[in-house]
Amino acid sequence: MANSQHASPGLTKTFLSEAGLISAFAMRAIRVAFQPPFELREVVHQIYMAGWRSLPLVMTSGVAIGVVLSMHTRATMERFGAEALIPAALAIAMISETGPLMTGLLVSGRVGAGIGAELGGMKVTEQIDALESLAVDSFHHLAVTRIIACMIALPILTTIMNFSGLIGGFLAETAISNVSLRLYFHQAFAGIGFVDYALPTLKTVVFGFIIGTVSSYLGYTTTGGSEGIGRASTRSVVFSSMLLIVINVLLVRIIFLLFPAGAL
Amino acid sequence: MSTADQAIRFDTVSKSFGDGRVLDRVSFDVARGSACCIMGRSGTGKSVTLKLLLGLLKPDEGRIYVNDVEIETLNSAGLVEVRKTMGFLFQYSALFDSLSVAENVAFPLRRHTRMSEAEIADSVRERLAEVGLEGELDKMPLDLSGGMRKRVGLARALALKPSILLVDEPSSGLDPITTREIDKLLMDLKASSKTTMVVVTHNVPSARRIGDQLLVLHKGHILAQGTAEELDQSKDEIVQQFMTLATDEPANASPTRSASAIGRSHKKEVEYGVQG
Ligand SMILES: Nc1ncnc2c1ncn2[C@@H]1O[C@H](COP(=O)(O)OP(=O)(O)OP(=O)(O)O)[C@@H](O)[C@H]1O
Ligand SMILES: [Mg+2]
């Protein structure tokens, strides 16, 4: 943080220089993450903050998305008389793309804004300097722990999102045809292998890295009082969700290249 | 190492922010076990000097030695080791606002010692009692008055029993009686534990009591340096004003008032001067 003192808050930094700084921040995070002390206690606390506390949001959104997707799927499938495929089609849609991306965006909204504002507040009230003065590597203690927590929380939240989506789909279906829960899930998972689940879900580890890094960086480099904190928070959401959507395209492309059959 | 060596050495240190040169080739030493009081008008770089000492800011030029180690050459692990031996009271306390008073003071103990929870609790109570806050263990920092926060900050800075203590305006926002108690605490520490101290203060009576050496910073330079008696003899107008004017102020004078009593006020005070 000492070297960020020189940044003038008024200057509109070009996107490129900002991207360069965020990349340097990310590199440093990767390097520092492997240096002791490993701050496990703080990582666990941050997983609780980022993961556990996002559960209500992720679960309700998951169910709602499942209901809506299921209605769309039924409309399409009915045309071909393929109602039996509805659970499988929904499962594929959820697991391969909707679940990971929705979870990423929801978490970048909730957690990204939180990290940006929290670290920004700590920066402007000198609490980050206070950590340093107490012989704590603030970068490891604050940024790296949050990045790791996001990387661990996201695949778990995504799995829960997918599951909630299927429950939503089941609810929508039982309202129309009284299919049993067991049959529904049996049909849903019929066409899905482990790789089909693992690849898109592991993809969200990258999303977690993006959310944690971008919002920690913006919080860490906050200048200028309450307004600065607000700006850090907003920009955390905007930057991390934008970056996440763009990187997602790349990741999907890579998955298709590496596993032509696996990528559903 | 002999006992007469220097715990802190500032060697022709310069520091600028943008176009503003805050410190211009400043040099001074603080002998081990002695106390140095830094005085100076608002915005002259007193807080910056303390932050440089702790490596929170990097000097543009010059060298800073703490216990004969040049701190700029240290990597982050080395810096951590040096900082464990130092305590820092921030001008605006900088308490962790998500932690209670007791947790703030316990924080460095949990991090850096193998003390049991019971031992930590005892130690925390002891530190807080020293600053007169034994009853506020479970309060949150934002629910405290400015002066109370300051004292919690001091208790936290003292938690690891540092051999070097840096204190930024310990008495701002405190009543005269509490100010005396804090002064006494600092003097006791110096006497009993040979703690080296750098104390930024606007309170000349305090500085006379605590400081073995007084130092007046002005416009990036050290205007005067010496014992209180030596500074009393100074012919320099600003030094004289410092030694006399500030004495007439009530003991809890805010930096803004003592500074503006001397003349033009600094822009920054408007924001900061209000806070205790
Ligand atoms: N992080 C920073 N970025 C830019 N300028 C800074 C920074 N910290 C301090 N300054 C500038 O350095 C100068 C000295 O500041 P400093 O806080 O050391 O003053 P001070 O002597 O402690 O004053 P006061 O008695 O009001 O606390 C001021 O002009 C201030 O604006
Ligand atoms: Mg200051």
Side-chain angles (χ1 to χ4, degrees), chain A residues 1-11 28-29 31-42 45-46 48-49 114-115 117-146 219-220 223-229, chain B residues 15-19 22 47-48 50-60 72 75-99 104-113 141-142 149 152-153 156-157 159-160 162 165-166 168 271 275:
Chain A
M1 16 110 266
N3 33 18
S4 65
Q5 310 275 354
H6 300 285
S8 353
L11 283 178
R28 183 170 162 211
R31 186 160 39 82
V32 172
F34 294 99
Q35 293 165 3
F38 295 108
E39 308 271 1
L40 287 180
R41 214 173 136 146
E42 190 62 16
H45 178 66
Q46 291 305 326
Y48 167 79
M49 298 296 281
I115 293 177
E118 190 187 3
L119 296 194
M122 291 186 76
K123 173 74 196 301
V124 304
T125 55
E126 294 187 317
Q127 289 177 59
I128 293 187
D129 281 347
L131 270 177
E132 291 283 335
S133 82
L134 295 170
V136 173
D137 180 349
S138 65
F139 182 81
H140 198 155
H141 185 77
L142 297 175
V144 175
T145 53
R146 281 167 174 76
Y220 228 85
T223 48
S226 335
E227 201 189 325
I229 299 171
Chain B
K15 178 73 187 172
S16 306
F17 292 102
D19 296 334
V22 177
S47 300
V48 167
L50 293 190
K51 287 183 183 173
L52 284 165
L53 270 174
L54 207 66
L56 294 175
L57 293 172
K58 303 249 174 295
D60 300 334
E72 215 188 337
N75 60 13
S76 63
L79 207 51
V80 162
E81 287 312 310
V82 170
R83 283 172 176 167
K84 278 186 198 168
T85 67
M86 303 171 85
F88 190 11
L89 170 60
F90 284 78
Q91 185 168 3
Y92 303 106
S93 310
L95 300 180
F96 302 126
D97 52 22
S98 58
L99 303 181
N104 262 281
V105 182
F107 186 91
L109 297 172
R110 295 222 167 94
R111 288 291 303 199
H112 300 303
T113 69
L142 293 174
R149 262 180 243 164
V152 178
R156 185 178 68 181
L160 288 175
L165 183 63
L166 312 176
D168 203 344
E271 282 170 44
Q275 197 186 334

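The figures here come from the full heavy-atom set of this structure, side chains too, leaving out hydrogens, waters and symmetry mates. Here is the naming used below: chain letters follow the sequence lines, and residue numbers restart at 1 for every chain.
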Tell me whether A:E39 is salt-bridged to A:R146, with the criterion being a basic N under 4.0 Å from an acidic carboxylate O. no
With a 4.5 angstrom heavy-atom cut-off, which part of A:P36 approaches chain B: side chain, backbone, both or neither? neither
Do A:Q46 and A:T145 get their side chains close enough for a donor-acceptor pair, meaning under 3.5 Å? no
Regarding B:R111 and A:H141, is there a side-chain donor-to-acceptor distance under 3.5 Å anywhere? yes
Is chain A contacted by the side chain of B:F96, its backbone, both, or neither, given a heavy-atom distance below 4.5 Å? both
Compare all side-chain heavy atoms of B:P141 with those of B:N104 and state whether any distance is below 4.5 angstrom. yes
Residue pair B:R156 / B:P108: nearest heavy atoms and the distance that separates them: O-CG, 4.0 Å
Toward chain A, the part of B:L79 with a non-hydrogen atom under 4.5 Å: neither
Look at B:L54, B:L166, B:D97 and state which one has the largest set of heavy-atom pairs under 4.5 Å with chain A. B:D97
Between chain A and each of B:K84, B:K51, B:H112, B:E81, count heavy-atom pairs under 4.5 Å; write down the option with the most. B:H112
Counting heavy-atom pairs under 4.5 Å with chain B, which one of A:T125, A:V136, A:V32 comes out on top? A:V136
